[in-house]
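Notes to accompany the following structure.
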Amino acid sequence: MLKGRSLLEPMDFTMDEFEEVFTLAEEIIAEPERFRRVCDGKILATLFYEPSTRTRFSFEAAMLRLGGQVIGFSEPGASSVAKGESIADTIRTVACYSDIAVIRHPKEGAPRVAASSTDMPVINAGDGGHQHPTQTLTDLLTIRCERGSFSNLAVGVCGDLKFGRTVHSLIKALSRYEGVRFVLISPEELRIPDYVRKGDLVKNGVEFKEVERMQEVLCELDVLYMTRIQRERFFNEADYIRLKDSYILDAEKMKLAKETMMVMHPLPRVTEIAVDVDDDPRAYYFKQAKYGMYVRMALIMSLLGLQGEEQR
Ligand code: NCD
């Protein structure tokens, strides 16, 4: 039962609960008109303390397409945050006006603090370099719809594995599926943090290897998950500049990959995928953004305990 719960990390949901959300998302994709009014009278609050395009818009579009309404801020400077209000006080106040809240915050753990200060469901839309569970729901729904199953996949994850929260959540969630194998492609300085390497991969006996060169592993991958070097998390700009073009996937390199390999990216991209890959049928990143809206529709409904309308 997901009703009334929060989603702060992927592991807050069991595999069966993930399944429940995906099944509902697929029903919404098949018959969106059945769900047009299920959130009538409900309000979603979006509290974005960090920039966002896809995550905020997809949540807002999700709520609007379910017939609900949206309040929120994307410029915390224009709210009482600028006066020094704590996140606990902000969420308590927001809970007086809304039924469910989505929070993106630069501090790791901030959405958890918010969730522990209210009974309203709180969704983590990205906390610093930590976790981004709804991006993972998006990524998994994309693989499920486009490929059918997660089992026995060879998943390459490339770029900023240190600060990339989408990567941390993706590895946590995918590690639970049978036979999934990871190829972690990053510069030495941007390797996956120990809490993921030891806490998820090693602990669960998941097969993985860490490499620096993308070209040498492309041929073995079923999914290549590209990520942006997370400029805003670097302590100094010189390091960012040195590392920013570590990986550029282009049409030439795509020749080394399987005919069926899926190229994914949470977006925004900077230079890590050349635009000449966009028309390759193996490029899934814009489709992925669309799946993000459907899976968030399913998530909102599940946390609010709402069902689709009966067909007339
Ligand atoms: C990601 C994020 O915010 O972590 N974006 C997203 O939500 N789709 C990835 C990124 O910013 O690089």
Side-chain angles (χ1 to χ4, degrees), residues 7-10 25 44 46-62 72 74-76 101-112 122-143 155-174 184-187 190 192-193 196 223-234 239-240 243-249 262-273 278 283-297 299-300:
L7 176 61
L8 305 170
E9 299 199 20
L44 169 84
T46 55
L47 283 61
F48 276 68
Y49 296 78
E50 267 196 344
S52 170
T53 302
R54 272 145 296 268
T55 305
R56 186 167 64 86
F57 286 167
S58 64
F59 264 115
E60 295 189 358
S74 54
E75 293 278 351
V102 180
I103 301 183
R104 168 170 288 187
H105 201 284
K107 285 212 183 95
E108 309 196 343
R112 184 172 294 284
V122 171
I123 300 170
N124 176 6
D127 59 330
H130 188 219
Q131 299 290 328
H132 193 347
T134 66
Q135 182 63 47
T136 298
L137 288 175
T138 301
D139 302 338
L140 266 56
L141 181 67
T142 307
I143 298 174
V155 181
V157 190
C158 177
D160 189 343
L161 310 190
K162 180 179 180 188
F163 296 118
R165 56 196 176 194
T166 61
V167 169
H168 306 157
S169 290
L170 181 71
I171 292 177
K172 271 182 184 292
L174 271 182
L184 306 175
I185 312 161
S186 76
L190 299 179
I192 198 86
V196 180
V223 173
L224 173 60
Y225 195 92
M226 295 295 294
T227 63
R228 172 179 73 88
I229 307 293
Q230 307 278 300
R231 180 181 203 160
E232 65 276 34
R233 315 259 179 247
F234 276 71
D239 286 343
Y240 169 71
L243 293 166
K244 73 182 174 60
D245 295 322
S246 298
Y247 301 101
I248 299 178
L249 181 69
M262 296 175 71
V263 181
M264 298 177 67
H265 192 308
L267 302 177
R269 87 171 130 188
V270 189
T271 52
E272 60 280 358
I273 301 181
D278 294 358
Y284 282 89
Y285 27 94
F286 289 108
K287 269 194 192 166
Q288 195 181 339
K290 190 155 186 180
Y291 282 118
M293 178 182 74
Y294 291 119
V295 89
R296 289 174 174 114
M297 290 171 80
L299 179 65
I300 292 169

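All residue numbers refer to positions in the sequence shown, counting from 1. Whatever order the structure lists them in is the order used to number ligands and atoms, beginning at 1. Just so we're clear, the structure is a prediction, and the values are computed from it rather than from any experiment.
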Can you list the residues that meet the side chain to side chain donor-acceptor pair (under 3.5 Å) rule with D245, with sequence neighbours excluded? T271
Tell me, which residues have any heavy atom less than 4.0 Å from some atom of ligand 1? T55, R104, H132, Q135, R165, T166, R228, Q230, P266, L267, P268
Is a donor from one side chain sitting under 3.5 angstrom from an acceptor on the other, for H265 and R228? no
Salt bridge (charged side-chain N to carboxylate O under 4.0 Å, His left out) partners of E50, counting only residues at least two apart: R165, R233
As an exercise, state the distance from OG1 of T136 to CG of L7, rounded to the nearest 0.5 Å. 9.0 Å
Could you list all the salt bridge (charged side-chain N to carboxylate O under 4.0 Å, His left out) pairs where at least one residue sits in residues 262-273, not counting sequence neighbours? R269-D278
Where is the tightest heavy-atom contact between V122 and L8, given as atom of each residue plus distance? O-CD2, 4.0 Å
